Amino acid sequence: MGSPAAYAKVVPRLRLLKSGLLGAKVRDLSPPLVEAVSALRETVYASVAEAKDLGSIERAIASRFFATIDELAKLSPADAVQLVRAFSLAKEVEDLMTLARAVAEGSSLPSWLPSMEWPSSEIRYLLAEMEASPSLTRMPELIRDATLRASVQGALQAFADVKSPEAFTWYTLAAQASILDGALRHLEGQDAVETMKVVCPLVEERLALAALQAWALRASPRTLVRVLPPKQVCGVNANAVASAYERNVESDVVSLSTELSGLLKYVRLEGKTLRELMASARRTARVSAVRAATAAFEGYPYTPALVAAGLVLLWIDLDNLRAALIGIGLGLTPQELEPALA
């Protein structure tokens, strides 16, 4: 357990952060978009309230996330900083895969990506390099961070195996699972146990979705083995996931989900279609994560688990806010929007 002195600065900030999140109130946002955005003026997302269109809304949300990440990194003790960094890298790797997919498709490169709002991100430099000379093989050598470089190298191998640009979107899931799980591995004892309760639901979500998307892509079992982290991840045996996939890759997706369910602790796979199963994985993982994060705020505060709890709640809250505002902007009904909200 951490000491009160080490966490003296970050604990009050985390409590303030939690008190300002929308939580279930995100469902109170309603059309038109200008009114939904204006309703945020008295919340922690006041900067988003100044946005005038969907593009500026996305930029404001990304800026809010990375500004909070940087603030928590400065306030957190050494044993929690790696957790904070993992959440920023998990967002950045998603943008790297989006960029790689565009290069693979030969389509126009994105003019903006969320991690461009983070001063420490490499994405702005990499995007400029790809605009000047688009080349998938050059991408790894242009990336300084070892974790991100390894993620891109793994994605390139998956792309070579699957022979579809969708491999990059698929690989995002495994890369994020590996990054989040890796941040837990330096923790010991009760700190590790309590922090895993908060973070592992999100890791399981990504492992389950990776297996389901592999089925949709009809990826070979050998490819899935290479894509998944090569060890036990948050208590889930990656080899067991790959074996379940191999037994069911030629069957219907419900058979696969039935076997996967027996390997998972936090995620429940419910439904008869791929869309339903993926939606249930996302929903149940995030319910578990929110429950564990809320419990962390009610327990002993001077621990990495509280930092993880703040990060998880912020991640989910911003995902929900983004989905709600974009859905409202696109004219979706509350019923159509509900599946996108955790």
Side-chain angles (χ1 to χ4, degrees), residues 62 65-66 69-70 73 78 81-107 109-186 199 202-203 206-207 209-210 213-214 217 219 222-234 238 242 311 315:
F65 174 77
F66 286 114
I69 285 286
D70 281 346
V81 168
Q82 193 166 340
L83 278 169
V84 181
R85 172 175 159 75
F87 276 79
S88 58
L89 288 180
K91 288 291 188 184
E92 187 170 15
V93 79
E94 184 175 351
D95 288 350
L96 285 174
M97 297 304 158
T98 299
L99 177 57
R101 177 169 179 164
V103 173
E105 291 173 336
S107 58
L109 301 186
S111 59
W112 176 85
L113 290 162
S115 58
M116 290 172 68
E117 302 301 316
W118 187 33
S120 300
S121 173
E122 298 186 46
I123 197 70
R124 191 180 296 275
Y125 164 74
L126 192 60
L127 178 58
E129 288 290 324
M130 290 297 101
E131 287 174 339
S133 178
S135 167
L136 287 174
T137 57
R138 288 181 62 232
M139 284 188 73
E141 65 189 52
L142 294 171
I143 299 172
R144 296 186 299 273
D145 183 88
T147 299
L148 296 176
R149 188 186 316 118
S151 295
V152 171
Q153 289 169 335
L156 290 175
Q157 180 61 62
F159 174 55
D161 288 351
V162 175
K163 296 179 174 55
S164 167
E166 290 182 28
F168 293 103
T169 305
W170 173 42
Y171 196 87
T172 300
L173 298 163
Q176 289 181 330
S178 183
I179 288 169
L180 294 175
D181 177 72
L184 299 171
R185 293 186 176 271
H186 73 288
V199 178
L202 298 186
V203 174
R206 282 151 179 78
L207 292 176
L209 292 176
Q213 287 197 4
L217 289 170
R222 183 184 65 179
T223 298
L224 181 62
V225 168
R226 282 204 288 256
V227 165
L228 293 177
K231 52 196 171 186
Q232 186 155 302
V233 183
C234 270
L311 291 165
W315 180 294

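These numbers come from a predicted model, not from an experiment.
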A.B. asks: Mark yes when over 12 heavy atoms from residues, nucleotides or ligands other than Arg226 sit less than 6.0 Å from its CZ; otherwise mark no.
C.D. replies: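 Atom CZ in Arg226 is packed in, count exceeds 12.
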A.B. asks: Does atom CZ of Arg185 have more than 12 heavy-atom neighbours from other groups under 6.0 Å away?
C.D. replies: yes
A.B. asks: Do any N or O atoms from the side chain of Arg149 and from the backbone of Glu141 form a donor-acceptor pair under 3.5 angstrom?
C.D. replies: no
A.B. asks: Could you go step by step and tell me if Thr172 and Arg101 meet the side chain to side chain contact (heavy atoms under 4.5 Å, CB included) rule?
C.D. replies: CA-CA 11 Å; Thr172 300; Arg101 177 169 179 164; over 6 Å; no
A.B. asks: Mind checking the CD-CD spacing from Glu166 to Glu105? Nearest 0.5 Å is all I need.
C.D. replies: 8.5 Å
A.B. asks: I need the Glu94 CD to Thr169 OG1 distance, nearest 0.5 Å.
C.D. replies: 9.0 Å
A.B. asks: Provide the closest heavy-atom pair for Ala104 versus Phe168 in the form atom of the first, atom of the second, distance.
C.D. replies: CB-CE1, 3.7 Å
A.B. asks: Would you check if the side chain of Ser178 reaches a backbone N or O of Ala175 as a donor-acceptor pair within less than 3.5 Å?
C.D. replies: no
A.B. asks: Any side-chain to backbone donor/acceptor pair from Gln82 onto His186? Under 3.5 Å, distance only.
C.D. replies: no
A.B. asks: For residues Ala174 and Val227, report the shortest heavy-atom separation together with the two atoms involved.
C.D. replies: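 Minimum heavy-atom separation between Ala174 and Val227: CB-O, 3.3 Å.
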A.B. asks: Give the minimum heavy-atom separation between Val225 and Ala242, together with the two atoms involved.
C.D. replies: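 Closest heavy-atom pair between Val225 and Ala242: CG2-CB, 3.5 Å.
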A.B. asks: Take Trp112 and Glu117 through the side chain to side chain contact (heavy atoms under 4.5 Å, CB included) test and state the conclusion after the steps.
C.D. replies: CA-CA 9 Å; Trp112 176 85; Glu117 302 301 316; 2.8 Å; yes
A.B. asks: Main chain of Ala90, side chain of Gln176: is a donor-acceptor contact present, judged purely on distance under 3.5 Å?
C.D. replies: yes
A.B. asks: Which residues pass the side chain to side chain contact (heavy atoms under 4.5 Å, CB included) test with Ser121, not counting sequence neighbours?
C.D. replies: Glu92, Ser115, Trp118, Ile123
A.B. asks: How far apart are the closest heavy atoms of Ala177 and Leu207, and which atoms are they?
C.D. replies: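 Taking every non-hydrogen atom into account, CB-CD2, 4.1 Å.
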A.B. asks: First locate atom CG of Leu127, then atom OG1 of Thr98, and finally report the distance between them rounded to the nearest 0.5 Å.
C.D. replies: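 Answer for the CG-OG1 pair, Leu127 versus Thr98, is 11.5 Å.
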A.B. asks: Rounded to the nearest 0.5 Å, what separates atom CE in Met97 from atom CG in Leu173?
C.D. replies: 10.5 Å
A.B. asks: To the nearest 0.5 Å, tell me how far Met130 CE sits from Leu142 CG.
C.D. replies: 5.0 Å
A.B. asks: Can Lys91 be said to sit on top of Phe66's aromatic six-ring, NZ or CZ under 6.0 Å from centre and within 45° of the ring axis?
C.D. replies: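 Negative - Lys91 is either too far from the ring of Phe66 or too far off its axis.
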A.B. asks: Heavy atoms only: give me the nearest Ala167-Val162 pair and the separation to one decimal.
C.D. replies: CB-CB, 4.2 Å
A.B. asks: Within the 4.5 Å heavy-atom criterion, are Ser133 and Arg138 side-chain neighbours or not?
C.D. replies: yes
A.B. asks: If you take all heavy atoms of Ser151 and Ile179, which pair is closest and at what distance?
C.D. replies: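 Heavy atoms only, the tightest pair is OG-CD1, 4.5 Å.
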A.B. asks: Just wondering, do Leu311 and Ile69 contact through their side chains at under 4.5 Å, heavy atoms?
C.D. replies: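 The answer is yes, as the side chains (C-beta and beyond) meet within the 4.5 Å cut-off.
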A.B. asks: Could you check whether any side-chain heavy atom of Cys234 comes within less than 4.5 Å of a side-chain heavy atom of Leu184, counting everything from C-beta outward?
C.D. replies: yes
A.B. asks: Starting at OG1 of Thr223, measure out to CG of Leu228 and round the result to the nearest 0.5 Å.
C.D. replies: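 Interatomic distance, Thr223 OG1 to Leu228 CG, rounded to 0.5 Å: 11.0 Å.
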